[in-house]
Undergrad: 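Got a structure for you, questions after.
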Amino acid sequence: MLQLIAYRTLIQRNREMEEKTGPLPENATIQVPFLVLSTGPDTQIGLEVADDRTEYEFRFNEFFEIHDEIGILKKMGFCYGIDTGEFTPEGLAKAESLLPKSAKPFLKELFLGNPKRLTKNRNL
């Protein structure tokens, strides 16, 4: 559910940007899914790619971290704080608006606990 909210937020943001600035050149966009590899400044990285580009092999001489697109979109706030519990009523309403009608009742229950208790405690 959070993945759907994050993707739809990204799509909405991109549409708004294109309306303001026009289409971006193809080399200025990042396609999803994607991975971000994070290493130290002195880390050496080796990469081998299969001819058909279906396999990639990375070699690192130091520790590294892998972040997928959902983790990055969450850090960018594309889940409106629902993933961390630090959300506003406006953010929750925005997230709900991005979900299919059949999924909306489950948002509060799955990620925020009992909706009746939530309404009482958080004034939602």
Side-chain angles (χ1 to χ4, degrees):
M1 194 173 298
L2 290 176
Q3 189 172 21
L4 180 60
I5 292 168
Y7 280 143
R8 287 191 171 176
T9 302
L10 176 63
I11 291 166
Q12 190 173 52
R13 188 205 65 165
N14 289 349
R15 282 186 183 145
E16 290 169 1
M17 292 285 288
E18 280 190 353
E19 286 175 7
K20 290 179 184 175
T21 63
L24 294 173
E26 191 172 317
N27 65 352
T29 63
I30 298 174
Q31 304 296 316
V32 291
F34 63 86
L35 294 174
V36 174
L37 301 172
S38 176
T39 67
D42 298 324
T43 303
Q44 295 178 0
I45 304 170
L47 170 64
E48 289 186 28
V49 181
D51 291 337
D52 61 2
R53 295 185 178 220
T54 59
E55 295 182 31
Y56 297 81
E57 181 181 335
F58 291 91
R59 289 181 304 284
F60 300 87
N61 70 337
E62 300 282 339
F63 292 106
F64 63 94
E65 294 179 351
I66 299 176
H67 308 276
D68 65 5
E69 76 279 3
I70 296 303
I72 299 295
L73 295 175
K74 284 179 182 179
K75 287 181 183 180
M76 292 174 70
F78 284 21
C79 290
Y80 302 98
I82 294 168
D83 55 316
T84 62
E86 298 177 9
F87 57 91
T88 64
E90 296 80 17
L92 183 59
K94 181 67 174 168
E96 283 181 316
S97 75
L98 297 169
L99 293 174
K101 186 177 181 179
S102 61
K104 290 179 184 188
F106 301 105
L107 179 64
K108 289 180 182 175
E109 185 177 338
L110 288 174
F111 294 100
L112 310 174
N114 181 337
K116 291 178 184 172
R117 179 174 44 88
L118 235 161
T119 303
K120 181 180 174 186
N121 291 339
R122 294 191 187 209
N123 297 320
L124 295 179

Undergrad: Go through the side-chain N and O atoms of Tyr80 and Glu90 and say whether any donor and acceptor fall under 3.5 Å apart.
TA: no
Undergrad: Would you check if Leu47 and Val49 make a side-chain contact, meaning some heavy-atom pair closer than 4.5 Å?
TA: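 In contact.
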Undergrad: Between atom CD1 of Ile82 and atom OG1 of Thr84, what is the distance when rounded to the nearest 0.5 Å?
TA: 9.0 Å
Undergrad: Output the distance between atom OG1 (Thr9) and atom CG (Leu73), rounded to the nearest 0.5 Å.
TA: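 The OG1 atom of Thr9 sits 8.5 Å away from the CG atom of Leu73.
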Undergrad: Rounded to the nearest 0.5 Å, how far does CD1 of Ile72 lie from CZ of Phe78?
TA: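 Here the interatomic distance stands at 11.0 Å.
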Undergrad: Do Glu65 and Leu37 come within less than 4.5 Å of each other through their side chains, counting heavy atoms only?
TA: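 No. Closest side-chain heavy atoms not under 4.5 Å.
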Undergrad: Kindly give the heavy-atom pair with the smallest separation between Thr43 and Phe63, and that separation in Å.
TA: OG1-O, 4.4 Å
Undergrad: What pairs meet the side chain to side chain donor-acceptor pair (under 3.5 Å) rule with one or both residues in residues 10-19, with sequence neighbours excluded?
TA: Gln12-Lys94
Undergrad: Could you tell me if the side chain of Leu98 sits less than 4.5 Å from the side chain of Leu4, heavy atoms only?
TA: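 A side-chain contact is absent here, since even the closest heavy-atom pair is not under 4.5 Å.
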Undergrad: Less than 4.5 Å apart, side chain to side chain, heavy atoms only: is that true for Ile5 and Leu107?
TA: yes
Undergrad: Restricting to pairs with a member in residues 50-62, which pass salt bridge (Lys or Arg N to Asp or Glu O under 4.0 Å), not counting sequence neighbours?
TA: Glu48-Arg59, Glu57-Arg59
Undergrad: Going from CG on Leu2 to CD1 on Ile70, what distance comes out if it is rounded to the nearest 0.5 angstrom?
TA: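 One finds 8.5 Å between CG of Leu2 and CD1 of Ile70.
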Undergrad: Backbone N or O of Gln44 within a donor-acceptor pair of the Asn61 side chain at under 3.5 Å?
TA: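 Side chain of Asn61 to backbone of Gln44, a donor-acceptor pair under 3.5 Å: yes, one is there.
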Undergrad: Can you confirm whether Phe60 is buried at CZ, in the sense that more than 12 heavy atoms of other residues, nucleotides or ligands lie under 6.0 Å from that atom?
TA: yes
Undergrad: So, taking the atom named CG in Leu24 and the one named CE in Met17, what distance separates them when rounded to the nearest 0.5 Å?
TA: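 One finds 6.5 Å between CG of Leu24 and CE of Met17.
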Undergrad: Side-chain contact test, heavy atoms from C-beta onward, threshold under 4.5 Å: evaluate it for Leu10 versus Arg8 and give yes or no.
TA: no
